[in-house]
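Below, read A as the first sequence line, B as the second, and so on, with proteins coming before strands; counting in each chain starts at 1. All figures in this text were calculated on a predicted structure; none of them were measured in a lab.
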Amino acid sequence: MKEGEGELYAVRLEKRRRLDALGIDPYPYAFSRTATAAALEARHEALPAGAETSEEVAVAGRIRAMRNSGMFLDLHDASGKIQVFCHKDFLGPEGFSLLRLLDIGDIAGVKGRVRRTPRGELTVNAQELTLLAKALRPLPEKFHGLADIELRHRQRYLDLIMNRGSRDTFLSRSRVVGAMRRWLASEGYLEVETPMLHPIPGGASAKPFVTHHNALDLDLYLRIAPELHLKRLLVGGLSDRLFEINRCFRNEGLSPRHNPEFTSLELYEAYVDYGAMMALTETLIVEAAEAALGTRRITYGGTEIDLSPPWPRRSMAELVLEATGVDFLALADDGGARRAAEAEGAQLEGRESWGQAMEALFAARVEDRLIAPIHVTGFPRDISPLAKADRRDKRLAERFETFIYGWEIANAFSELTDPLDQNERFLDQMRARAMGDEEAQPLDEDYVRALEYGLPPCGGLGIGIDRLVMLLTDSPSIRDVILFPTLRPR
RNA sequence: GAGCCCGUAGCUCAGCCGGUAGAGCAACUGACUUUUAAUCAGUAGGUCUCGGGUUCGAAUCCCGGCGGGCUCACCA
């Protein structure tokens, strides 16, 4: 006896025993089906109520409802629902003895002729009934379904069976990623896969997961970003346009917008700067929205957002000045920047640089007001160690982040290609690390060596797929858009 | 990691100013046999998340653990 199921489980086990006794395999190997529910509905759209056809089909799916003591079954396959009619006019005695051993939740195959009942339901008159998988556990209640958020995440298979909306969300997610891949491929971007296991975790500021390789006796880190490897490929000239859509791992807290593993699109293109990345961001997100929703006007949590490009471009300093009256570009030193940021409500630790102080104030006072899509430019250089300096103001980087609904959706820059400058930036990061900044980026000597062979000028772009899907599917939690989100084991 | 809230039958939920548990669906038995959350009658099903405490008596009050949700912090 399995835990907890008690009588319901025992009853179904007994039915399985009786099936064995009748020589019926409750878990056969295959079933030759000839139609899906949706295909039948499409084919017989015009079939009037009460009409019968001579078309013989074989359908298969999960029994989701039984009415009139099993005379009517609702069979659900991945495409939709088809009703099955079990009547002694069509189904033989062996079919009826099997029917008595079927339960809601079982997977069954049905062969028979198609008709539309007088009440208008497309139906297969069962001539043969085949059990394809006996369910030993009962499904959740048919009307309210599975509502418990924890169970929906832990037992996603049940969530998918019971909740149409959840299914739709993941189908949308697949369409979003598919649309991006297709568009990128059609524009000549090459998809690549780079390592998940990194000896040095680089390409972002984040705490990594550590693991260990036994044969090499080597600690390895689950990647926090693919960035440095992708740019190595640009050095190698594998393609002038390449991207990766894959997982990143960050060892940080969980929240409705953070899962320890998440999916990003990272893209690099030679011979362009970050201006090109803005246009690309707009195109990709509109492609994604149209794939998921068929429109570029979305509603998230009751807020309507129009994704139609072009999106405004505003600098961080400008937005901070508007919101707080503080002009960071007029502040020279770190201390003054910290005092100004704290005076306006940013929470600091006291060792922030000028750029970190401005960003903290931006996060505190500006970010969550950026509801409509906007590219925020003019990120401080000292928090952008992989970006080229702004060609007009060396305190800034040629970097932007795209915000929608107050969330960072994209992050892009004119990539730093000067190996000596890059080495200096790494050394600055190492100093910050030594001062206690755990997320400062470690020096990757091989990456600098790659730059020494010559990285063409290039733009790079990262888009957070999970959050984008949240926006497009109106999902309140990142766990609603990740099939198996990270949970404490129970 | 901190604060607030939640955990009752397989599922969805009542009960919670203390008197050892209810409904609907699912299940079982039967009726019905062209239904649509089918219907009708009946039956069975619970260490009330776990452990302590208070009390004559705890699902209910208190403390702690476990799991979850939200908010905050870190981040995308």
Does the side chain of Lys15(A) get closer than 4.0 angstrom to OP1 or OP2 of rC28(B) through an N or O atom? yes
OP1 or OP2 of rG69(B) under 4.0 Å from side-chain N/O of Arg479(A): yes
In whole angstrom, give me the gap between the C1' atoms of rG52(B) and rC70(B). 29 Å
What does Lys88(A) touch in the nucleic acid at a heavy-atom separation under 4.0 angstrom: a base, only the sugar-phosphate, or nothing? nothing
Please list each protein N or O that sits under 3.5 Å from an N or O in nucleotides 39-46 of chain B, with the distance.
none

Which part of the nucleic acid, if any, lies within contact of Ile409(A), taking any heavy atom under 4.0 Å across all strands shown: a base, the sugar-phosphate backbone alone, or nothing? nothing
Against the side chain of Glu141(A), the closest entry in rC25(B), rA27(B), rU34(B) is rC25(B)
Check ion pair Arg223(A)-Glu244(A) (N to O, under 4.0 angstrom): yes
Rounded P spacing from rU8(B) to rU12(B) in Å: 9 Å
From the set rG10(B), rC70(B), rA73(B), return the single nucleotide nearest to any side-chain atom of Ser477(A). rC70(B)
Judged by nearest nucleotide, the residue sitting upstream toward the 5' end of RNA chain B, His87(A) or Ala65(A), is His87(A)
What interatomic distance, in whole Å, is found between C1' of rU20(B) and the corresponding atom of rU60(B)? 11 Å
Going by the angle between their ring planes, with limits at 30° and 60°, are Phe379(A) and Phe362(A) parallel, tilted or perpendicular? perpendicular
I'd like to know if Arg116(A) and Glu41(A) make a salt bridge, using a cut-off of under 4.0 Å between side-chain N and carboxylate O. yes
Under a 4.0 Å N-O cut-off, is there an ion pair linking Lys231(A) with Glu415(A)? yes
Looking at Arg488(A), does any N or O in its side chain come under 4.0 Å of the phosphate oxygens OP1/OP2 on rG67(B)? yes
Spacing of the C1' atoms in rA21(B) and rG45(B) (rounded, Å): 13 Å
Near-parallel close stack of Tyr9(A) and rG10(B) base (under 5.5 Å, under 30°): no
Any idea which of rA26(B), rC11(B), rA38(B) is nearest the Leu8(A) side chain? rA26(B)
Considering every strand and a 4.0 Å limit on heavy-atom distances, what is the contact class for Arg116(A): base, sugar-phosphate, or nothing? nothing
Considering every strand and a 4.0 Å limit on heavy-atom distances, what is the contact class for Gly462(A): base, sugar-phosphate, or nothing? nothing
Report the relative orientation of the aromatic rings in His87(A) and Phe85(A); use parallel for angles under 30°, tilted for 30 to 60°, perpendicular for over 60°. parallel
Considering only rA26(B), rG67(B), rU12(B), which nucleotide approaches the side chain of Ile104(A) most closely? rA26(B)
Would you call Lys111(A) and Glu56(A) a salt bridge, using N to O less than 4.0 angstrom? no
Show, in sequence, the C-alpha distance, side-chain angles and deciding distance for Tyr405(A) and Leu471(A), and conclude whether the side chain to side chain contact (heavy atoms under 4.5 Å, CB included) test is met. CA-CA 8 Å; Tyr405(A) 197 73; Leu471(A) 283 173; 3.7 Å; yes
Where each residue is assigned the nucleotide of RNA chain B containing its nearest heavy atom, which of Gln347(A) and Asn259(A) is assigned the position nearer the 5′ end? Gln347(A)
